Undergrad: 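Okay, handing you the structure first.
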Amino acid sequence: MKKKNSFIPYSRHYCDRKDIKNLINALKSNYVSQGPKQKEFANNLRKITKSKYVTVLNSATSALHTACASLGLKKNDILWTVPITWPASANCGLYCGAKIDFVDIDETTYNICTKKLLKKLIYSKKKKILPKILVVVHLAGNPCDLKKIKNLSKKFKFKIIEDASHALGSFYNNMPIGNPKYSDAVVTSFGPLKSITSAEGGAIFTNNKKNYIFNEIFRQSGVQKNKDYFYLKNKSYWWNEQQVLGYNYKLSELHASLGISQLKKLKLFVKKRNKLSEIYEKKLCKKIRFQKSLNKNFISARHIFIIRVNKSLRSKLFNFLIANNIGASVNYIPIYKYPYYKKVVKVNLKHLKESENYYSEAISIPLFYGMTKLEHSRVINVINKFFDKYL
Ligand SMILES: *Cc1c(COP(=O)(O)O)cnc(C)c1O
């Protein structure tokens with residue numbers, strides 16, 4: 001039995017006996033890497049998102065780098081993203097030598113604000129500093145305004161990468177997030193706390209065959225092993241070809257096996273996270289603000305549960321949760337506040353007001369598949385007790 005007030009983390013992975021069995025079987029098989037499991041995992045991801053091509057890699061960070069490289073991002077190009085995300089959404093641009101700039105978020109969805117995006121695009125067109133790539137993030141799994149962003153990309157000629165690290169299991173109307181209908185590439189993560197986990201892992205979804213072939217070799221040192229795609233006409237049985245400067249971003253068979261068995265539980269995970277989230281929205285103090293969906297037909301994978309409180313109460317509430325043995329987090333610290341980014345990007349806070357507001361008010365409270373009813377109501381009671389005390 002768990003102790004009555006034992007620590008409740010803000011998130012936690014969930015593994016069952018089948019996951020463990022699959023992992024052990026992979027270890028006993030003929031391949032620990034570069035075998036059939038990574039292909040099977042990619043194929044299963046392809047089917048559930050109805051994408052044309054999927055490449056699995058060892059993280060979403062590698063996947064973002066690979067996607068940027070496949071879209072031809074290079075030195076002195078410009079990549080835009082939002083500040084409220086994990087820094088990997090911007091780091092991928094720097095890996096390619098590009099410059100980074102940030103677009104503010106929307107005050108209700110916490111995703112990229114398309115009005116501010118349009119304004120910034122018009123201004124940047126005049127100044128000839130348009131981005132080559134825009135990385136949009138479906139924060140907490142809440143789908144972005146993909147149609148509008150796609151239309152802007154046609155008008156201003158930039159490419160779109162969806163950072164869907166939070167959003168495997170989300171739906172944009174009837175389209176599963178992962179399907180690259182409105183973008184050039186979608187990237188997702190199988191890190192420990194994501195919709196499903198392979199311990200570490202990531203994937204790129206694309207409908208472009210050329211980009212797919214690039215993605216496949218970029219993760220294996222740039223070496224092409226498929227004779228159909230050789231540059232040189234070499235008939236030797238042993239021949240393979242390094243065609244680009246790649247990295248070792250491969251996903252091992254162990255990780256892939258875990259991913260395959262976790263993917264079978266995706267629907268279940270998302271359903272439970274949604275149920276817990278809806279109860280939070282119903283029962284938590286009315287002074288709290290919640291993330292809004294753009295459209296009632298969208299489904300969020302509910303990667304994290306973000307609440308917004310008056311900024312004078314935020315730190316107090318955070319400390320109160322920790323004092324009551326309840327985990328909390330702030331997702332995310334605006335990227336431009338990091339010491340590293342202060343060195344490489346100059347921002348004007350006047351254009352980032354909502355990111356600043358968000359950062360002063362947001363807390364992520366516990367939400368995970370294995371959360372018990374008791375743990376869930378304890379979180380609700382502790383938060384409501386806090387508001388009784390301080391309001
Ligand atoms: C987790 C995360 C990443 C990075 O994923 P890894 O698989 O850990 O590299 C990128 N972007 C966002 C928004 C994330 O939450």
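These numbers were taken from a predicted model, which means no experiment stands behind them. Any value given below was found using the heavy atoms of this structure, including those in side chains, with hydrogens, waters and symmetry copies removed. Atoms within a ligand are numbered from 1 in the order they appear, just like the ligands themselves.
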Undergrad: Applying a heavy-atom cut-off of 4.0 Å, say which part of A60 lies close to ligand 1: side chain, backbone, both or neither.
TA: both

Undergrad: Identify, for atom 9 (O) of ligand 1, the protein heavy atom at the shortest distance, and state residue, atom and that distance.
TA: T61 OG1, 2.5 Å

Undergrad: Do me a favour and list the nearest non-hydrogen protein atom to atom 11 (N) of ligand 1 with residue, atom name and distance?
TA: D163 OD2, 2.7 Å

Undergrad: Does a donor on one side chain and an acceptor on the other come within less than 3.5 Å for D163 and S165?
TA: yes

Undergrad: With a cut-off of under 6.0 Å to the ring centre and 45° to the axis, is R273 in cation-pi contact with F305?
TA: no

Undergrad: Return the residue, atom name and 0.1 Å-rounded distance of the protein heavy atom closest to atom 8 (O) of ligand 1.
TA: S189 OG, 4.1 Å

Undergrad: For ligand 1, note which part of T85 has a heavy atom under 4.0 Å away: side chain, backbone, both or neither.
TA: side chain

Undergrad: Please tabulate, for the side chains in residues 171-182, all donor-acceptor contacts under 3.5 angstrom to protein atoms that are two or more places apart in sequence or on a different chain.
TA:
from, atom 1, to, atom 2, distance (Å)
Y172, OH, K147, N, 3.1
N179, OD1, K181, N, 3.0
N179, ND2, T49, O, 3.1
N179, ND2, K50, O, 3.1

Undergrad: Which value, rounded to the nearest 0.5 Å, describes the distance between I304 atom CD1 and H166 atom NE2?
TA: 5.5 Å

Undergrad: Go through ligand 1 atom by atom and flag the ones less than 4.0 Å from a non-hydrogen atom of S59.
TA: 7 (O), 9 (O)

Undergrad: Check contact between G201 and ligand 1, using heavy atoms of the residue and a distance below 4.0 angstrom.
TA: yes

Undergrad: Considering residues at least two apart in sequence or located in another chain, which fulfil the side chain to side chain donor-acceptor pair (under 3.5 Å) criterion with K99?
TA: none

Undergrad: Given that the side chain starts at C-beta and the backbone is N, CA, C, O, which of these parts of H166 lies under 4.0 Å from ligand 1, counting heavy atoms, or is it both or neither?
TA: side chain

Undergrad: Ignoring hydrogens and angles, state whether a donor on the side chain of N381 or R378 is under 3.5 Å from an acceptor on the partner side chain.
TA: no

Undergrad: S70 and N215: which non-hydrogen atoms are nearest, and at how many Å?
TA: CB-OD1, 3.2 Å

Undergrad: Consider only side-chain N and O atoms of S59 and E200, and report whether a donor and an acceptor are under 3.5 Å apart.
TA: no

Undergrad: Any atom of ligand 1 sitting under 4.0 Å from a heavy atom of F190?
TA: no

Undergrad: Which of the atoms in ligand 1, numbered in the order shown and given with their element, are less than 4.0 Å from a heavy-atom of Y332?
TA: 15 (O)

Undergrad: I need the nearest protein heavy-atom contact for atom 2 (C) of ligand 1: residue, atom name and distance, please.
TA: K194 NZ, 2.6 Å

